[in-house]
Amino acid sequence: MKIAIVSGKAEGPTKLNAFDNALSEAGIGDVNLIKVSSMLGPNTELVPLPKLKPGAMVNCVLSEVTSKKKGNIINACVAVAIGDRLGCVVETTGINDNEEMIKEEAINMVQYMMNKRNVEIKDLIVETITHTVENKGSVIASVVYINDDIIE
Amino acid sequence: MKIAIVSGKAEGPTKLNAFDNALSEAGIGDVNLIKVSSMLGPNTELVPLPKLKPGAMVNCVLSEVTSKKKGNIINACVAVAIGDRLGCVVETTGINDNEEMIKEEAINMVQYMMNKRNVEIKDLIVETITHTVENKGSVIASVVYINDDIIE
Amino acid sequence: MKIAIVSGKAEGPTKLNAFDNALSEAGIGDVNLIKVSSMLGPNTELVPLPKLKPGAMVNCVLSEVTSKKKGNIINACVAVAIGDRLGCVVETTGINDNEEMIKEEAINMVQYMMNKRNVEIKDLIVETITHTVENKGSVIASVVYINDDIIE
């Protein structure tokens, strides 16, 4: 199994467009996202996001906050733990929270999930993104599952 | 890529059954719907909804409102913009809103998405449906992604 | 089409971890769950849950309640009606509701769905699970769609 980890932030004229712009900034704006729950296969490999086919059906874990409250500090975070037998992903979000706290929360939860499954963490990757809303703003962090069908 | 655009409205003895009846009225009641986020491939073709296999896994964009408040006017809308390189879909909904406004909102957002991607709109299709709730009512509008696996 | 029906309940240090533990207890903790809407193919066969590949993409109907209110009695229920031409699934949940009522509600709705489609019910299976929250607790009941790709 191959995954890419991406994030993006953007403003837009509506909440939907801000969200869409954040996805585009992250490189996943031109595909169909199918949200899945957060488990990885054996020895998952982290790769750079390849160029995706427009309209492809792409499985992902998505952490998202979109807000239209000026001055709101919005955070999205994904924590990825990779192991031999399997891996786990946790997503967290925050509004006016401390970014370190959101990150810590994700790390703690993903470590707990791996411990509970008796799988040693070989690699732990955390991606966070923060944005201060100007008008209508959005942040996204995502783990994208990559397979040959979706690559251009 | 082929898509069909459908809509339906219905009443039912429970909110879930009203929703289910609206899906059936739209012709997509007998399949499993997997909600995806709203992007189309190059030169997407609009086709009439084919007969789908019962229980097939069907990707779709779904706009839905279900309400049990008698007299509520409920709207569901999807706007579809088709282009050379890719296309976009936006869904909007309303409760006691002006149908034209809901439609306009969807069109504006989908036009913005296409402009942002520098893709010319070759075709713009909007589907709206409105229902006045009698007891428990539901409206749905959907863009259904069609492939050979799901056709009977 | 083959399905397995499973359920689980658990406590955890956070709501997410309680939910994850409940999925693990049900045997579906190590896969990616893709939520689908609730229709079955012709003559669907009920099978025991096979060993699933870690990280596999698994379609399911999922009924879930997670609560951090000590003493809350939480219920999850799925009702499955199997017929010749197709089948239907309904999920219900409750907090401090009577378990029998949650069950009855699911059965009534699934019977209505089958009647509406003029399909005779050949088999009706109901799975319920109840848990009294100690600290942070979760219950899940799920209909898991089984295919060769996801079996280890």
Side-chain angles (χ1 to χ4, degrees), chain A residues 6-37 49-66 68 76 91 135-145 147-152, chain B residues 1-3 32-46 57-63 77-93 101-102 104-120 122 142-147 149-150:
Chain A
V6 298
S7 62
K9 60 182 177 182
E11 293 280 315
T14 67
K15 283 175 78 177
L16 184 142
N17 287 313
F19 172 52
D20 181 54
N21 290 343
L23 291 175
S24 290
E25 216 227 24
I28 52 175
D30 292 352
V31 296
N32 285 294
L33 300 173
I34 302 178
K35 285 190 206 177
V36 306
S37 75
L49 185 71
K51 183 146 181 41
L52 303 175
K53 281 185 201 159
M57 299 294 165
V58 175
N59 295 316
C60 73
V61 177
L62 187 67
S63 174
E64 180 233 336
V65 187
T66 305
K68 55 181 188 180
E91 76 231 55
N135 186 17
K136 279 154 195 141
S138 184
V139 286
I140 72 103
S142 179
V143 175
V144 184
Y145 294 75
N147 64 58
D148 291 343
D149 291 346
I150 65 171
I151 301 178
E152 194 158 63
Chain B
M1 184 179 269
K2 290 179 185 178
I3 57 167
N32 285 294
L33 299 174
I34 301 178
K35 285 191 207 178
V36 305
S37 75
S38 57
M39 294 300 302
L40 304 177
N43 291 309
T44 290
E45 189 189 343
L46 188 61
M57 298 295 165
V58 175
N59 295 316
C60 73
V61 177
L62 187 67
S63 175
C77 173
V78 286
V80 177
I82 293 177
D84 273 324
R85 191 165 57 78
L86 56 73
C88 294
V89 180
V90 165
E91 76 230 54
T92 53
T93 57
M101 202 193 70
I102 299 300
E104 207 65 34
E105 194 187 328
I107 292 172
N108 288 342
M109 288 198 285
V110 87
Q111 282 176 335
Y112 174 91
M113 287 171 73
M114 293 292 276
N115 286 343
K116 192 83 183 179
R117 287 168 172 84
N118 290 313
V119 182
E120 194 194 341
K122 291 170 63 181
S142 179
V143 175
V144 184
Y145 294 76
I146 308 296
N147 63 58
D149 290 348
I150 65 172

As an exercise: rank A:Pro13, A:Gly12, A:Ala56 by heavy-atom pairs under 4.5 Å with chain B and give me the winner.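 Ranked by heavy-atom pairs under 4.5 Å with chain B, first place is A:Pro13.
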Chain B contacts, top residue of A:Thr14, A:Leu16, A:Asn21, A:Ile34 (heavy-atom pairs, under 4.5 Å):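 Option with the top pair count is A:Asn21.
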Quiz question: by atom type and distance under 3.5 Å, do the side chains of B:Lys122 and B:Asn43 form a donor-acceptor pair? yes
If you define the side chain from C-beta out and look only at heavy atoms, does anything of B:Ile82 sit under 4.5 Å from B:Glu45? no
4.5 Å side-chain heavy-atom contact, A:Ile140 and A:Leu62: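 They are in side-chain contact.
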Under 4.5 Å from any heavy atom of chain A, what part of [X] do you find: side chain, backbone, both or neither?
X	value
B:Met1	side chain
B:Val90	side chain
B:Leu40	backbone

Measure from the side-chain N and O atoms of B:Arg117 to the backbone N and O of A:Gly29, and report whether any donor-acceptor pair falls under 3.5 Å. yes
Is the side chain of A:Thr66 donor-acceptor paired with the backbone N or O of A:Lys15 at a distance under 3.5 Å, no angle test?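 Side chain of A:Thr66 to backbone of A:Lys15: no pair is present.
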